[in-house]
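Here the structure comes first, spelled out in structure tokens, and everything after it is commentary.
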Amino acid sequence: MDFLSSLSTELRHIEADGLLRRRRVLECATSVRVVEDGREYLSFCSNDYLGLAGHPALVEALQHAAAQYGVGAGASHLVSGHGAAHHELETALAAFTGQPAALLFSTGYMANLAIVTALVGRDDEIFADKLNHASLNDAALLSRARFTRYPHLDLAALEQRLAASQARRKLVVTDAVFSMDGDIAPVPELLMLCERYDALLLLDDAHGFGVLGSGGRGVLEYFGVTSERIVYMATLGKAAGVFGAFVAGSATLVDYLLQRARPYIYTTAMPPSLAAVLSASLRLIDGEAWRRERLQALATTLKQGLNLRRWRLMPSTTPIQPVIIGGNDAVLAVSEALRQRGIWVPAIRPPTVPKGEARLRISLSAAHGLEDVALLAATLNELEKI
Ligand SMILES: *Cc1c(COP(=O)(O)O)cnc(C)c1O
């Protein structure tokens, strides 16, 4: 069995490089206190930025919705799986993001595959930030469009490539908040370039939706921009605390995706009960601004508490607060030492981040207390000295 033995050889190489990934089995998890093997950890791992994933009102909404709609949609949206709960959620998402229309997906990964493969093909070109999420890169490959990547946030390099392009359609694709760095894409400048070169701008706001802007409407509210050229995409499994994703934009865009986006057409619709919970979650995002204010206070506490020499907290104004450690083994050792002290922060290694920039990815949640973050900072200060 050469095939299978080649797989085990590769697995051994992954382990030897310090890159083997393991899943932890959690017995009980809210966003910030998790129990594994009977031991409780203070967690800084979750993307549940607003602390909504365990919110009692949402748990109750799910119970009600399951009683009303059952547990499965039973078909794809274009057959008979599109129910009142989905429809209401799409309408609410469009209104919340200030866009004419919205279309719901089961995951952000699928939404990105759907959007990119529907909008561009062989005669077209995609211009992508080097640090974009893997789903956007996979989508680009699947689309068969020319795939041109530009250095992270380098607008001059992007403009050069746009100017040189002979493509029929041009699509600029970027994370709005970069998932491993926590920095924010310069949307107004990107939009100007898209106007100059007749491109569309796909913004993946997985980490900005619910978090950025005083109303939590995401990166467009943060910058105060809107444009028909923008294809706005966000996920609902992070700040919204549930599951799913959506795209919002012009009515033409959404009509077109409905006809052409294969990962939309050929898949079962999200369970309607989840759609109903998401509508409730959206009301909490809208109504509870204190959750965003708490996130700001937590980030400030972290910055003020850390006193690092060799390691480096990256500049970030979002709940993603990475600390660069450097090597793969070093970051694993720090992550393990934190765990021994009851604190769980994930170690992020290549290929997710560039070689030599392995890091702790601290993610903050409105469910954290200021004292939780102060404890993390003090523990990191102490570990750096060892
Ligand atoms: C998490 C994430 C996705 C994928 O969303 P899922 O709903 O988890 O599939 C896409 N893009 C970015 C930037 C993400 O962080």
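Computation of the quantities below employed the complete heavy-atom set of this structure, encompassing side-chain atoms and omitting hydrogens, waters and symmetry-equivalent molecules. Atoms within a ligand are numbered from 1 in the order they appear, just like the ligands themselves.
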Q) In Å, rounded to the nearest 0.5 Å, how long is the span from CG of Asp175 to OG of Ser135? A) 7.5 Å

(Q) So that I can tick it off, tell me whether Asp181 and Arg359 are bridged by a salt bridge, with the cut-off set at under 4.0 angstrom between side-chain N and carboxylate O. (A) yes

Q: Report the relative orientation of the aromatic rings in His368 and Phe44; use parallel for angles under 30°, tilted for 30 to 60°, perpendicular for over 60°.
A: parallel

**Q.** Distance-only N or O hit between ligand 1 and Thr235, under 3.5 Å
**A.** no

(Q) Quick one about Asn132 and Asn137 (side-chain donor to acceptor, distance below 3.5 Å, no hydrogens or angles considered), yes or no? (A) no

Q. Considering only heavy atoms of Gly108, which atoms of ligand 1 have at least one such atom less than 4.0 Å away?
A. 4 (C), 5 (O), 6 (P), 7 (O), 9 (O)

(Q) What I want to know is whether Tyr109 and ligand 1 share at least one N or O pair that is separated by under 3.5 angstrom. (A) yes

Q: To the nearest 0.5 angstrom, please state how far the CG atom of Asp183 sits from the OG atom of Ser316.
A: 7.5 Å

Q. Which ligand 1 atoms, with their elements, are less than 4.0 angstrom from a heavy-atom of Thr107?
A. 7 (O), 9 (O)

Q. Identify the closest protein heavy atom to atom 11 (N) of ligand 1: which residue and atom is it, and at what distance?
A. Asp204 OD2, 2.5 Å

(Q) Going by the closest heavy atom to atom 8 (O) of ligand 1, which one wins out of Met110, His207, Met233, Lys238? (A) Lys238

Q: Report yes or no: does a heavy atom of Ser135 sit under 4.0 Å from some atom of ligand 1?
A: yes

Q: State whether a side-chain donor-acceptor pair under 3.5 Å links Glu159 with Tyr197.
A: yes

